[in-house]
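The chains referred to below are lettered A, B, ... by the order of the sequence lines, with proteins before strands, and numbering in each begins at 1.
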There are 2 protein chains.
Amino acid sequence: MKKIIAKYRKRDFKLTPQRIAILRYLDGNTSHPTADDIFTQIKKAYPTVSFATVYNTLLALKEKGEILEVTIDPEKKHYDSNVTTHHHIICTECNKIGDVIKDYSDALRLPSEILKEYKTVGNHIDFYGICKECQKERRELKIKN
Amino acid sequence: MKKIIAKYRKRDFKLTPQRIAILRYLDGNTSHPTADDIFTQIKKAYPTVSFATVYNTLLALKEKGEILEVTIDPEKKHYDSNVTTHHHIICTECNKIGDVIKDYSDALRLPSEILKEYKTVGNHIDFYGICKECQKERRELKIKN
DNA sequence: TTCTAATTTAGAATTATTTTTATTTGAGAA
DNA sequence: TTCTCAAATAAAAATAATTCTAAATTAGAA
């Protein structure tokens, strides 16, 4: 974390205690939190923190390329501090978002009609599945019924 | 369209004039409209139509598997009457959503760690690019400046 | 034609997110 | 260390998408 603070100090990003708390919370966090998750967490240490601060900070970090906004849950945005190439797998039962560390870029050749029409700049791949815990719950339900 | 009406009449889906108008609007429509787009369109013929009707109808159709909810725009849901395997390409300038008719299912082999953890049920692939019109606009801007 | 459960409507409520505004503060300059 | 001010904060209001509610209407079965 020391490193992180030093890094931001150099980068036109005023380090306030609230921002440091948000950075700390996001650093290495693979839970893909929403703005509300972050707000709830930061509120524990800074009871007066406002949503505006959380959203402002997330926007600033997004613009710096330090975090990604994850569009995968139709109800709300999630945030991911892992900006390296990876994908997500969402449990269709509990909506938990997991990481899939793999680069599929070579596998996705677009049809020539599309390449003619678009200057392509990237892609998103998400997977859907049922996680181990939810599979277990399903088995237990089956036994009961 | 006659066919469509006959099809729904058989399927536990009460056909009201509003619903027929929504079905007509969605049939073969590749514009990936939002609930608001649909509402605005239907209002022309049925000025008293409410958002609740649009959302109710979309939910019913989604549950029947007749349309897909497209989670690609972080601000709102889009709907797609094409339920066959295909993908989307979003223009990063104008946010227009285009179709990519191609099946990549063979190309996406999940890592074994994931296969151990999840019973996989599907995937979503989206592409990002700049569409022809926006490329043109960019060129014209460059000339002006 | 009648009946009834499903659907529609208008409007209020809810939820996520953004904006506004007045006040406070981090951090560089003196 | 203190001063200064652009940037950040907090509280609250605004906005936008979606859902809920309760009363009125209606599609389609009988």
Side-chain angles (χ1 to χ4, degrees), chain A residues 4-23 25 32-64 66-79 95 97, chain B residues 4-23 25 32-64 66-79 95 97:
Chain A
I4 294 175
I5 294 178
K7 169 174 151 190
Y8 284 101
R9 238 184 253 289
K10 288 189 204 121
R11 292 187 56 191
D12 183 33
F13 184 79
K14 201 181 266 188
L15 275 170
T16 64
Q18 296 87 336
R19 284 182 167 187
I20 291 171
I22 293 171
L23 287 170
Y25 178 62
H32 310 88
T34 63
D36 189 66
D37 294 334
I38 297 165
F39 174 73
T40 301
Q41 180 63 28
I42 303 312
K43 215 173 166 59
K44 290 179 189 166
Y46 298 91
T48 66
V49 77
S50 75
F51 262 108
T53 298
V54 172
Y55 279 109
N56 283 343
T57 303
L58 291 172
L59 177 65
L61 291 173
K62 190 174 72 171
E63 285 178 347
K64 287 198 181 326
E66 297 292 336
I67 61 171
L68 291 174
E69 194 179 279
V70 178
T71 304
I72 193 170
D73 174 346
E75 310 317 323
K76 45 193 164 328
K77 295 171 189 165
H78 291 250
Y79 295 89
N95 295 311
I97 303 175
Chain B
I4 293 177
I5 293 177
K7 170 173 149 190
Y8 285 101
R9 238 183 254 289
K10 287 190 206 124
R11 293 188 56 192
D12 182 32
F13 184 78
K14 203 181 266 189
L15 276 170
T16 64
Q18 297 87 337
R19 284 182 167 186
I20 291 170
I22 293 172
L23 286 170
Y25 177 63
H32 309 88
T34 62
D36 189 67
D37 294 334
I38 297 166
F39 174 74
T40 302
Q41 181 63 26
I42 304 311
K43 215 174 166 61
K44 290 178 190 167
Y46 298 91
T48 66
V49 77
S50 75
F51 262 109
T53 297
V54 172
Y55 280 110
N56 284 343
T57 303
L58 291 172
L59 178 64
L61 292 172
K62 189 174 73 171
E63 284 177 348
K64 286 198 182 325
E66 296 294 335
I67 61 171
L68 291 175
E69 193 179 279
V70 179
T71 304
I72 193 171
D73 174 345
E75 310 315 323
K76 46 194 164 325
K77 294 171 189 166
H78 291 250
Y79 295 88
N95 295 311
I97 302 175

What does [X] touch in the nucleic acid at a heavy-atom separation under 4.0 angstrom: a base, only the sugar-phosphate, or nothing?
X: Asp36(B); value: nothing
X: Thr48(B); value: sugar-phosphate
X: Lys76(A); value: sugar-phosphate
X: Ser50(B); value: base
X: Pro17(B); value: sugar-phosphate

Test item: Thr71(A) and Thr71(B) side chains (from C-beta on) under 4.5 Å apart, heavy atoms: yes
Asn95(A) and Asp73(A), any side-chain heavy atoms less than 4.5 Å apart: no
Quick one: [X] [atom1] to [N] [atom2], roughly how many Å, whole number?
X: Ile42(B); N: dT7(C); atom1: CD1; atom2: P; value: 17 Å
X: Phe51(B); N: dA10(C); atom1: CZ; atom2: C1'; value: 13 Å
X: Asp12(A); N: dG28(C); atom1: CG; atom2: P; value: 11 Å
X: His78(A); N: dT15(C); atom1: NE2; atom2: C1'; value: 14 Å
X: Leu59(B); N: dA17(D); atom1: CG; atom2: C1'; value: 15 Å

With a 4.0 Å limit, can you tell me whether [X] has a side-chain N or O closer than that to the phosphate oxygens OP1/OP2 of [N]?
X: Arg19(B); N: dT8(C); answer: yes
X: Gln18(B); N: dT26(D); answer: no
X: Thr16(A); N: dT25(C); answer: no
X: Tyr55(B); N: dT18(D); answer: yes

Residue mapping more 5' on DNA chain D - nearest nucleotide basis, Glu75(A) or Thr57(A):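 Residue closer to the 5' terminus by nearest nucleotide: Thr57(A).
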Candidates Gln18(A), Arg19(A), Lys62(A) - the one meeting side-chain contact (heavy atoms from CB on, under 4.5 Å) with Thr57(A): Arg19(A)
5'-most by nearest nucleotide on DNA chain C - Thr34(A) or Lys43(B): Lys43(B)
Mutual orientation of the aromatic rings belonging to Phe13(B) and Tyr8(B) [parallel < 30°, tilted 30-60°, perpendicular > 60°]: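 Aromatic pair Phe13(B)/Tyr8(B) classed tilted.
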Side chains of Thr40(B) and Asp37(B), donor plus acceptor under 3.5 Å: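 There is no such pair between these side chains.
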